[in-house]
There are 2 protein chains.
Amino acid sequence: MSEGVEWALHSCLNLSWLPIGQAVPAAKLAEFYSLPAAYLNKQLQALARAGIVSSTSGPRGGFQLARSPERITLLDVVVAIEGAEEAFRCDQLLKRGPGADPAADYRESCLVSQAMRRADLAWRGELAGQTLADLKARVERHYPATPGNTVNRFAALRA
Amino acid sequence: MSEGVEWALHSCLNLSWLPIGQAVPAAKLAEFYSLPAAYLNKQLQALARAGIVSSTSGPRGGFQLARSPERITLLDVVVAIEGAEEAFRCDQLLKRGPGADPAADYRESCLVSQAMRRADLAWRGELAGQTLADLKARVERHYPATPGNTVNRFAALRA
DNA sequence: GTTCAGATACTCGGATAGGGACTGTCCGAGTCCTATTGG
DNA sequence: CCAATAGGACTCGGACAGTCCCTATCCGAGTATCTGAAC
């Protein structure tokens, strides 16, 4: 899996702590973790295309969450970066085997495909069951100082 | 995910129908689905290294299941091909952030990592809960002619 | 008929190229702020 | 003093190379089998 997923998740989490209406440039988000700014910008563009964050150009511009953390699941973020196609893609091997039905859609009937798809659904279900708000609350519960520290750090970067 | 996983699963399934003690060369397994023989051979080598199949050199040699299908989970096959590392690997981004503890292992304490790991465990659990025997039985239930057809086809290829 | 040696053919196993995707970087289009100038 | 305007700086967005892993292929090491002859 692309490492951009990790960057996107942590960046969304940071954005969730900032006051709403405040946009943060990609350069600041990158400096926070010493990441390459241009490349993180690329990942944020993907999040913007997916409607997870909204982007604003010009001075005082940047990125901010496009909707409340309660309405952003971890699956949304992963899909925005990795794409919607499932990890195991059935090439319909059976269609190339003996006694194959050329008209059949083996992505549905092949039991190997079904078994892999079930695992994929379990993975997606686990990610879809956790919102960014859940994750945010969990962090605040374990590390109460994190929200304040994060806001202060970004304010310092802004100076 | 590597397409070799699909090839390996179907090949293991085919091997499960043949009488025990009978080895099948990689070339025959490849011809069954019109796959490149040398490359499928590479995947079968990975299965052999993982102890899922056993290999025999020389005439009448080839591959066969190393243990009963009841003791081979789908996860075993996937891990043999894809490797044991989980899809989401935590780069410990927090260690590069402000206020980081250099001695901490953020792969454990980072809650983002934990969330992703939970999804990974759900995926692995689903795959580990299905054995090759389960899959085999399911195929035999839906397509009763498959085992006999497969054996006959391999016998024809052997001619 | 039996046995043994040699040759043969077959199979796996690892070493060797080619291609696509992820990683990383750069510059241009658009936007907002600001300073200046004229009324 | 106020307003309009031109300039400038900042930010996103997409277009351009570098690198690693997956895909694909080939040839050599090892082994069981078969043939033939000798006993």
Side-chain angles (χ1 to χ4, degrees), chain A residues 1-8 11 15 21-31 33-64 66 78 80-85 87-89 91 93 154 157-159, chain B residues 1-8 11 15 21-31 33-64 66 78 80-85 87-89 91 93 154 157-159:
Chain A
M1 180 178 308
S2 181
E3 69 178 344
V5 172
E6 186 178 7
W7 300 4
S11 294
L15 288 178
Q22 177 173 354
V24 181
K28 297 285 188 295
L29 285 168
E31 189 180 353
Y33 292 121
S34 303
L35 298 176
Y39 190 32
L40 177 62
N41 187 19
K42 198 174 180 55
Q43 313 292 354
L44 293 171
Q45 286 175 31
L47 293 178
R49 276 192 296 269
I52 296 174
V53 301
S54 65
S55 61
T56 313
S57 289
R60 303 283 297 172
F63 295 92
Q64 56 185 304
V78 172
I81 303 295
E82 283 288 300
E85 54 192 307
F88 178 87
R89 68 180 165 84
D91 278 348
L93 209 62
F154 273 112
L157 288 180
R158 184 165 296 279
Chain B
M1 179 178 306
S2 181
E3 68 179 344
V5 172
E6 186 177 8
W7 299 4
S11 294
L15 287 177
Q22 177 173 354
V24 181
K28 297 287 189 294
L29 285 168
E31 190 179 353
Y33 291 119
S34 304
L35 298 176
Y39 190 32
L40 177 62
N41 187 18
K42 196 172 181 54
Q43 312 291 357
L44 293 171
Q45 286 175 31
L47 292 178
R49 276 192 295 270
I52 295 174
V53 302
S54 64
S55 62
T56 313
S57 289
R60 302 284 296 174
F63 294 92
Q64 57 183 303
V78 171
I81 303 295
E82 284 287 301
E85 54 193 306
F88 178 87
R89 68 180 164 82
D91 278 348
L93 209 60
F154 274 112
L157 289 180
R158 185 163 296 279

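A note on names: the letters A, B, ... follow the listed sequences, proteins ahead of strands, and every chain is numbered from 1.
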Options [options], nucleotide nearest the side-chain atoms of [X]:
| X | options | result |
| --- | --- | --- |
| Ala38(A) | dC26(C), dA24(D), dG24(C) | dC26(C) |
| Tyr39(A) | dT31(D), dT23(C), dG14(D) | dT23(C) |
| Ala48(B) | dT25(D), dG24(C), dG13(C) | dG13(C) |
| Pro59(B) | dA24(D), dG13(C), dT31(D) | dT31(D) |
| Arg60(B) | dG13(D), dT33(D), dT11(C) | dT33(D) |
| Asn41(B) | dA15(D), dT25(D), dC12(C) | dC12(C) |

5' priority, DNA chain C, between Gly58(A) and Gly4(A) [closest heavy atom]: Gly4(A)
Is any side-chain nitrogen or oxygen of Ser2(A) closer than 4.0 Å to OP1 or OP2 of dA21(C)?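 No, outside the criterion.
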Please state whether the phosphate of dC12(D), meaning OP1 or OP2, lies under 4.0 angstrom from any side-chain nitrogen or oxygen of Arg49(A).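 No, no such contact exists.
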Non-hydrogen side-chain atoms of Leu15(A) and Phe154(A) separated by less than 4.5 Å: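 Sidechains of Phe154(A) and Leu15(A): no contact.
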Non-hydrogen side-chain atoms of Phe63(A) and Ile52(A) separated by less than 4.5 Å: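 They are not in contact (no side-chain heavy atoms under 4.5 Å apart), so the answer is no.
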Quick check for you: to the nearest 0.5 Å, what is the distance between Leu93(A) atom CG and Ser11(B) atom OG?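 One gets 7.5 Å once the value is rounded to the nearest 0.5 Å.
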Integer-rounded Å distance: [N] [atom2] and [X] [atom1]:
| X | N | atom1 | atom2 | answer |
| --- | --- | --- | --- | --- |
| Asp91(A) | dA24(D) | CG | C1' | 15 Å |
| Trp7(A) | dC22(C) | CH2 | C1' | 11 Å |
| Ile81(A) | dT23(C) | CD1 | P | 10 Å |
| Leu35(A) | dG24(C) | CG | C1' | 12 Å |
| Lys28(A) | dC10(D) | NZ | C1' | 10 Å |
| Leu44(B) | dG13(C) | CG | C1' | 12 Å |
| Gln45(A) | dG28(C) | CD | C1' | 13 Å |
| Glu3(B) | dG20(C) | CD | P | 13 Å |

Backbone N or O of Ile81(B) within a donor-acceptor pair of the Gln43(B) side chain at under 3.5 Å? no
Without swapping roles, check the side chain of Glu6(B) against the backbone of Asp91(A) for a donor-acceptor pair under 3.5 Å.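 Side chain of Glu6(B) to backbone of Asp91(A): a pair is present.
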Between Ala37(B) and Ser57(A), whichever has its closest DNA chain D nucleotide further toward 5' is Ser57(A)
Touch class at under 4.0 angstrom, heavy-atom based, for Ala26(B) against every strand present: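 Sugar-phosphate: the residue Ala26(B), judged by heavy atoms under 4.0 Å, touches backbone atoms but no base.
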